[in-house]
Each structure stands twice: as C-alpha cells, then as structure tokens.
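Accompanying notes for the structure given below.
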Amino acid sequence: MSNPSPGAEPAEHAARGEDVVRAEHAQLDFSRSMSYGDYLHLDQVLSAQHPLSPGHDEMLFIVQHQTSELWMKLMLHELGAAITNVSQDRMAPAFKMLARVSRIMEQLVHAWDVLATMTPPEYSAIRPYLAQSSGFQSWQYRCIEFSLGNKNAAMLRPHEHAPERLAQVRAAYESPSLYDEALRLLARRGLPVPQDHLQRDWTQPYVASDAVEAAWLQVYRNPEAHWDLYQLGEELTDLEDAFRLWRFRHVTTVERIIGFKRGTGGTSGVGYLRKMLDTVLFPEIWKLRTDL
C-alpha cells in the first residue's frame, strides 16, 4: 500500500472543517422559529431606556435601576414560593428558594459598585430631569420589605395613585411574612411559640419575644433533633445578612453621590437610609447568638 502524499491529511481535515462551518451556518437561520431575542423579548427590554437629559451618565442610572427591578421581580417570585412552602411544611424546596433569594440579594449589593462610579457632578447634571421619581416609590421593593416583615402602613401611600399596584403592595402588607410562617412552623413542630405570635394582625410590625427566642434556643441547642428548623434559622440569617449589606451599600453610595441632600422623592435621603440600618427583621435569630 502506497503512503498518502504529505499534503493529503491536512487537505482532508480542511474539507471536514468547511463541512462543519457550513453545517453551523445552516443552523443560524431563525426566520421560521423562535430566536434568542424572541424568547427574551430583547427588542422591548433594550428599547426601554429613554434618557431625558443630555448627560452621558443617565444611561448608567437607568440601567442600574431597571436591572435591580428585574432582580427584585425574581426575588419576589422566589420569596413568595418559599413562604408558601414553609407554610405547608415543604422545607427542601423552601431552602433552595431562600438560598437563591440570598444570592439575588448579593447581586443587588454589587450593583451599587457600578452606580458608585457616578460622581456628584455627573448626578447633578441629570437630577433635575428625575422630577419626583425615586427608588422610594418602588412597589416591588416595598413588597419585599413587607414579605420580610417590615410592615409600615405609611409605605402604602406612595402607591395610592396606581390602584393595581396598591392592591399588590397591600396584599403583601396584609399577609403573614416569611418570619411569621417560620414561627407557625416551629409551633406545628411542638415548640412553645406564644399564641399571640401565631394569630395576630399581620399588618402590625413584629414585636420580639423572649418566649420566641426560647423556642429558637431549643432548636439551636439540639440541632440534630431539629435539623430542618436549624437550617431554616441559618437560611433566615443568611438572608438578613445579605439584606443588611444591601442597605449599607445603598446608604454609602447615596452619600458618596449626593451627600446629605434630600432625596428626589421627598425623603431626607441619607438620614432616612441610615435609620433603616437599625431595622432587624428576625430579632430572636440574632439575639440567641448572645444567649447560647
């Protein structure tokens, strides 16, 4: 048998490579099927940025807040399902969802790093065009706060002009929070949670209880006997830890960009945000660490 000529093998490989390229190109015609852009409705998403000022940096401001709202949409999707699962003793899927909520919150924390590249003069150039619009008016953020138990009737007012949105925010306001459902779960497992923490007016701010802490202490002192409740406590800790970081990065970014000027929505700006740093969502989960 004669040996192939030295150039035969590379030529054969080149021919096969051309066949592969042609096959790939044949797959690139999406004129008769759903494409990536169709599935994600990218034309609508990418055409939703409409700067009002001549400032270059307004695009950053818009994209920052739009992407944050998309992450919050996913957070509400996961958080609502997690609350339902906890209320029905389906802990495995609840844990997965709560872990995802914490990771989403981490994304929101890092989003402030991008906005922090905006300097005070750059923000001042676009601020007059924002009128009274403010993140304070985000109905999705308010639903997240209410779902995590930070209830405040005054926070319904910014949404009164939009009845459909107000109904969504009010539904979260009037429903048991994630922590309320966690305490009801502890009670169903035989732990001594006081009755006034199991059936109450869900619109009222949560009030910490020594008796509730005692119930959690039973879990943490014997995790082997209450493993899924112990894991729930740690998922709640992770979530609030991430939420605290988000709030801190929010206040520092705002102070970096506008100092102590009033916010566009009429709030005191940094002063208001600093007060929110003191809010504790799951107080007994944190206090028990001192008392263990």
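Values below: all heavy atoms of this structure, side chains included; hydrogens, waters and symmetry mates excluded.
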Self-check item: Distance in Å, Ile104 CD1 paired with Ser68 OG, rounded so as to fall on 0.5 Å steps
Solution: 12.0 Å

Practice problem: Look at the side chain of Asp238 and the backbone N and O of Glu235, then say whether any donor-acceptor pair between them is shorter than 3.5 Å. | Solution: no

Practice problem: Hey, could you give me the OG/CH2 distance between Ser177 and Trp202, rounded to the nearest 0.5 Å? | Solution: 7.5 Å

Self-check item: Lys/Arg cation over aromatic Tyr173: Arg142, 6.0 Å, 45° cone
Solution: no

Practice problem: May I ask you to decide whether Glu106 forms a salt bridge with Arg249, counting only side-chain N to carboxylate O separations under 4.0 Å? | Solution: no

Exercise. Any chance you could measure Met59, atom CE, to Asp57, atom CG, to the nearest 0.5 Å?
Key: 11.0 Å

Exercise. Look at the side chain of Gln44 and the backbone N and O of Leu40, then say whether any donor-acceptor pair between them is shorter than 3.5 Å.
Key: no

Exercise. Decide whether Thr203 and Glu174 meet the rule of one side-chain donor and one side-chain acceptor closer than 3.5 Å.
Key: no

Quiz item: Is the gap between the ring centers of Phe146 and Trp139 under 6.0 Å?
Solution: no

Practice problem: Let me see the working for Glu181 and Ser87 under side chain to side chain donor-acceptor pair (under 3.5 Å), right down to the final yes or no. | Solution: CA-CA 6 Å; Glu181 291 295 358; Ser87 73; 4.8 Å; no

Practice problem: Step through it carefully: locate the ring centre of Tyr141, locate the ring centre of Phe136, and say whether they are under 6.0 Å apart. | Solution: no

Exercise. Please lay out, stage by stage, how Arg274 and Glu255 fare under the test salt bridge (charged side-chain N to carboxylate O under 4.0 Å, His left out).
Key: CA-CA 10 Å; Arg274 283 188 172 179; Glu255 184 174 353; 2.9 Å; yes

Practice problem: First locate atom CD of Gln140, then atom CG of Leu76, and finally report the distance between them rounded to the nearest 0.5 Å. | Solution: 5.5 Å

Quiz prompt | Expected output: side-chain Thr117 to main-chain Asp113 donor-acceptor under 3.5 Å | solution = no

Quiz prompt | Pairs involving residues 282-292, ordered by first then second residue, that meet side-chain hydrogen bond (donor to acceptor under 3.5 Å, both in side chains) (sequence neighbours left out) | solution = Tyr179-Glu284, Tyr206-Glu284, Glu213-Lys287, Glu234-Arg289, Thr237-Arg289, Glu240-Trp286, Lys287-Asp291

Practice problem: Please confirm whether the backbone N or O of Arg170 pairs with a side-chain atom of His159, one donor and one acceptor, at under 3.5 Å? | Solution: no

Quiz prompt | Interatomic distance, Ser147 atom OG to Leu281 atom CG [nearest 0.5 angstrom] | solution = 11.0 Å

Quiz item: Is a side-chain donor or acceptor of Arg127 paired with a backbone partner of Ala131 at a separation under 3.5 angstrom?
Solution: no

Practice problem: Determine whether Gln204 and Lys151 make a side-chain contact, defined as any pair of heavy atoms from C-beta on separated by less than 4.5 Å. | Solution: no

Quiz item: Under 3.5 Å, is there a donor-acceptor pair between the side chain of Gln88 and the main chain of Asn85?
Solution: no

Exercise. Could you tell me how the ring of Trp216 sits relative to the ring of Tyr220: parallel (under 30°), tilted (30 to 60°) or perpendicular (over 60°)?
Key: perpendicular

Self-check item: Side chains of Glu122 and Thr119, donor plus acceptor under 3.5 Å
Solution: yes

Quiz prompt | Geometric cation-pi criterion Arg244 and Phe248, 6.0 Å radius, 45° cone | solution = no

